[in-house]
Amino acid sequence: MTRTSLERVEARLGDPVMSAALVAEHGLSPEEWERILELMGREPTFTELGVFSAMWSEHCGYKNSRPLLRMLPTEGPAVVQGPGENAGVIDVGGGWGVAFKIESHNHPSAVEPYQGAATGSGGILRDVFTMGARPVAIFDSLHFGSLDSPQSRYLFDGVVRGVGDYGNCVGVPTVGGEAIFDPAYEKNPLINVMCIGVLPLERLIRGEAEGVGNPVMAVGARTGRDGIHGATFASEELDEEAVDSRPQVQVGDPFTEKLLLEASLELIERDLLIGIQDMGAAGLTSSGTEMAARSGSGIDLDVAYLPVREEGMTPYEMLLSESQERMLLVAKPEHERAVREVLERWDLQAATIGRVTDDGMFRVREDGVVRVEIPVKPLVDDCPTYVREGAMSPATAEARAVDLRPYSSFATDGEVEAALGTLLDSPSVASRRWIYEQYDTTVQTNTLEGPGSDAAVLRLPAEGRALAAATDGNGRHTWLDPRTGGRAAVAEAARNVACSGARPLAVTNCLNFGSPLRPEVYFQLAGAVEGMGEACRALRTPVTGGNVSLYNETGAQPVYPTPVIGMLGVIEDLERRVPSAFQREDDEIWVAGRTRDEIGGSEYLAACHGLVAGRPPAVDLGEAAALVDFLVEGAADGAFASAHDGSDGGLAVALAECAVGAAGGPLGCTVDLDAAPAGANVSAAGRWFGESHSRVVLTCRPGAGERIAAHGRRHGVPVARVGTVGGPGSPCRLTGAGHAIAPAAAELARIYEEAIPLRMSEEAGITS
Amino acid sequence: MTAGMKVGIVRFPGSNCDADVYRAVTEGLGESATYLWHKSTDLEGVDVVVLPGGFSYGDYLRAGAIARFSPIMGEVIDFARAGGLTLGICNGFQVLCEAHLLPGALVRNRHLRFRCHDVGLRVENAATPFTTAYSEGDLLHIPIAHGEGQFVAEAATLDELEAEDRVIFRYVDRRGEATDAANPNGSARNIAGIMNHEGNILGLMPHPERHSLAVLGNTDGLAVFQSLLASVLRARGCRSDPPRAEAPEFAVGAVAGASS
Amino acid sequence: MSRVWSVDVRVTPREGILDPAGETIRRALGNLGYEGVHSVRAGRLIRLEVEADGPEAARASTEKMCEQLIANPIIEDYVVRVREG
Amino acid sequence: MSRVWSVDVRVTPREGILDPAGETIRRALGNLGYEGVHSVRAGRLIRLEVEADGPEAARASTEKMCEQLIANPIIEDYVVRVREG
Ligand SMILES: Nc1ncnc2c1ncn2[C@@H]1O[C@H](COP(=O)(O)OP(=O)(O)O)[C@@H](O)[C@H]1O
Ligand SMILES: [Mg+2]
């Protein structure tokens, strides 16, 4: 299959003729078209146009985000593999690495929630096991419209089933995530899935295509017409027509995925491969060209050898199909046969469809006739990028200027208690048990702390060590102040991980935004990325990869700008991990970190007053870093019986969560909120429900508080004893800012546990 | 022959709790285990065969239906019919029913959802090769993880199971009562695990192997494997001194799944 | 006059939509020695007893149920048949 | 002469076996305002393309597949129908 000089690229009979309209339909601008003509030195064939369209889509080419992403730090002592590979890899000690990445599947899930979510999980699992890592955990970060809307309930139910069924079947536990509900996500829900895998570092493999003549093999499911142009689809706004466009819908097959997983790990373990990559977005096109680009080589494929599911498929379709559960691999030539044997043993299809070349070309033939010949390097790396002008939207400016004083105090104690009830009943705060009990959380027997705690904790193969991970984001805060929102996502994720006792090490991120062509969205994107970069630097948690999902809007209404952070950390001694909830009656309750008068953007304003307004709580990065050090060292020293991060709903909700989450059933407490460290002039609402950053609720054995105080002094973190854990059956007595309430812990637990199940009681997966 | 026990764990395509059983046997119990490939027809002289959990063949058609025809199953059926100790967990239980080695069937959970959480289990019969290390009436705390775990059978079959003490585990609440609320999937008579008439084949939906390692904080399931070891040793004529497990502590309130 | 009609809804995966269950069953049948099974599609059969004024009314009402709830038109086709009452 | 026949297997839950899926659909239809849906049973439809010497042979062979694999007689009934080729 080497090229002879007589060959030339031939258009296919019946290909549509090139026209400005056709180019536009492919999502390419006139300037991009000019660029293509220039680098090709001729007009591309229709098939080639399809290739450019996919590779230069936002999804693959990061047209609008690449310049911004340069603001993120990507290097650090733990980073073994930074951005640019299927997944990032960090060193977790003892010769072990952890591969992890997050991916969005927003648009497919808006059209078909079950399959959209399932195939999203499938894709991210493949990204991880193609690094040679065995997937050990899945996280799902979900943002939906209000559960009062039937459409949102339908989408949410389908997505939870889809995430669950896929991971459950493959045998990877789903151990954490987020679930946020706000009308801003009504028609365009966000479904981000993070996968984490573990590998012996010496077995790390990359998506490379090296060695002239080496066989390129397509493995796994047959290629069908599903999902053609999914990458382009993901790079457009959702409109009613898109919802009606069926071909994008792909069906997941977790059974085949499980076989692929086992077979791939066996191939890698036996050292039979040069490189391997998932055929994800833009299918064969992106996997083939990216593998060649990483190695500076070329690839020569003949689609006639590609196993297909349907008859009469064109090269265009075969190159752009996003059929699931497929991989591209480059075998070591002397092992081609062994590779086939392994795949056969796992009942998987494998076909050699081409060879690695050294001419730097992505060449695709149809039965020998060349249909595509594009230089790999510019195709992959020279996608045009855009730096745009951003500006804050008038709506944001207006919301920030709202006077919050009318909402800052309470007339009666009853009002405070009602607000606490409303918050615990808010699906964004309430127990996620309804979600995570549909997920297998304990398969693989590594789960030390599953969902329900601030971070999931999994044991690592390296003796005595554990991994902690969490996902976090806050669209509302980011909408009100993008830079603060970007910082907040990183700071909160780090805090969650540190609460478990782990040292945060690295992050992956998913940027879910509207159309970057809107100045207000570009402003949000640029600000959020800047904030994330600052926080990652301050917390020494470099970014190892991620995903950008733009054009999340319907009917000209962008979703809240929502950066989601997946944070990983390591606990040196798993016996020293710290649970989130209260442990025992009579334990001392402490609060670390300063409460300020910050109710802007809070869940309290949204749930109790229907208001998204004000300035979100500031993120002081010095404080955030000091708190993380305080938590990690305190945990290693055994100073804490429990640690829980305050976030949505503020201190009062954090305390209630500690009370209702106790392992043996709800425990009461007696707490004086006024005793917590605080800045000047904190309003009543700020004390109870404000969401100031860098605060945690801690407990310790009676009399052991001095150690908390000592760690606080050492790290300059203000700490104070605020109360005592009560017994089962005792109320949660909370006082503060002149108010006192004493709801029964069991009653708070009831509200908290029933919020989502009651709203979802009619959904029952009829079509599955 | 070694002094201990060798457990054969069948790997069907789609099995995903095979490694967990392996760890329970090797790390939890300190015995040896080996994987048996579904295309093989050699049981390699194992003392016990375990059909592990997972989604064999994706659970397409019906859970366990296709796996039941794997080449290895011919050997497993002969082994079991000849009295060999055979344990089916979750998907393995479904396979055993499909293979008619155990009566009844496992259908979709009553509420139509997959469920994973710890359940309360009561040991109904401690005089079986799978349960001698427990005492009758022990309350255990073991995870379930299934979408099709509702045990159904004809009334006559259920009566026979009860009459012959072949219901080995039942779903119970924290007080040890087999209430409807404690039944996570709608199983007939709260049945979580049953045995064949001859007493050498056990199928159960909960996962004892997931609670067999001390590092995970709960070892309520380990006694299933300890019991098997004792049975193997006894059958071999070794001194039978079954390692008696500590009576598992039943955490009040933890049954409904409020784990950690 | 209103009476009860037996109505069958046959739901099948749409053309071109992957049907992993059907494909897995096909392979299993092959392994069991059933030759000549060219394809298998796995669908659903929903059998309703519907009160209506006539078979046409029963069908029309069931079609609406399919659109709204019983089938997922994005990935499934369906056919409604009123069985002889 | 051998040719390919389209065969439908309709698998339904046996009388007396609980059918939570059917029951859930019935309730959901009621909530959507469909009155007069007296009962719903949710089963499976397996559609095969079987090569055989005639419709009877296609049916006979499919019946054997059902007995062996496609249906579980403990919980399911099935009916085989060869569709007009
Ligand atoms: N979609 C989900 N899937 C699995 N677990 C979830 C999901 N959403 C939330 N959780 C779990 O529920 C708990 C509470 O979530 P959250 O309120 O986001 O915590 P925090 O505010 O501490 O970040 C966490 O343990 C989280 O992992
Ligand atoms: Mg959170």
**Message:** Suppose a student defines contact as a heavy atom less than 4.5 Å from any heavy atom of chain A. Which residues in residues 54-66 of chain B would they list?
**Reply:** Phe55(B), Tyr57(B), Gly58(B), Tyr60(B)
**Asked** Is the backbone N or O of Gln250(A) less than 3.5 Å from a side-chain atom of Gln324(A), with the two atoms forming a donor-acceptor pair by type?
**Response** no
**Request:** Begin from the C-alpha positions of His141(B) and Asn218(B) and carry the test side-chain contact (heavy atoms from CB on, under 4.5 Å) through to its verdict.
**Result:** CA-CA 8 Å; His141(B) 192 198; Asn218(B) 179 327; 3.6 Å; yes
**Request:** Output yes when a side-chain donor or acceptor of Arg459(A) lies under 3.5 Å from a complementary backbone atom of Thr445(A), and no otherwise.
**Result:** yes
**Message:** Please classify the contact of Pro13(B) with chain A as side chain, backbone, both or neither, using a heavy-atom distance under 4.5 Å.
**Reply:** both
**Message:** I'd like to know if the side chain of Gln444(A) reaches the main chain of Pro135(A), judged simply by a donor and an acceptor atom lying under 3.5 Å from each other, with no hydrogens or angles considered.
**Reply:** yes
**Asked** Are Ser187(B) and Gln150(B) linked by a side-chain donor-acceptor pair shorter than 3.5 Å?
**Response** no
**Request:** Quick one: which of Val160(A), Val172(A), Asp253(A) has the most heavy-atom pairs under 4.5 Å with chain B, could you say?
**Result:** Asp253(A)
**Fill in**
In short, Asn91(B) meets Pro52(B) closest at the heavy-atom pair CB-O, 3.8 Å
**Item:** Test item: Ser40(B) side-chain N/O and Asp42(B) main-chain N/O as donor-acceptor pair under 3.5 Å
**Value:** yes
**Item:** Side chain / backbone / both / neither for Ser15(B) at chain A, heavy atoms under 4.5 Å
**Value:** backbone
**Asked** By number, which residues in residues 256-266 of chain A have some heavy atom less than 4.5 Å away from chain B?
**Response** Lys258(A), Leu259(A), Glu262(A)
**Prompt:** Do Trp37(B) and Phe12(B) have ring centroids that are under 6.0 Å from one another?
**Reply:** no
**Message:** With no hydrogens and no angle check, just 3.5 Å: does a side-chain donor-acceptor pair link His207(B) and Asp20(B)?
**Reply:** no
**Item:** Residues Arg577(A) and Ser500(A): side-chain donor-acceptor under 3.5 angstrom
**Value:** no
**Message:** Less than 4.5 Å to any heavy atom of chain B: does that hold for the side chain of Pro254(A), its backbone, both, or neither?
**Reply:** both
**Request:** Select one option (side chain, backbone, both, neither) describing which atoms of His38(B) are under 4.5 Å from chain A's heavy atoms.
**Result:** side chain
**Check: Tyr22(B) side chain, Ser32(B) main-chain N or O, donor-acceptor pair, under 3.5 Å** = no
**Item:** Closest non-hydrogen atom pair between Tyr134(B) and Asp220(B), with its separation
**Value:** OH-O, 2.7 Å
**Message:** Please classify the contact of Arg115(B) with chain A as side chain, backbone, both or neither, using a heavy-atom distance under 4.5 Å.
**Reply:** both
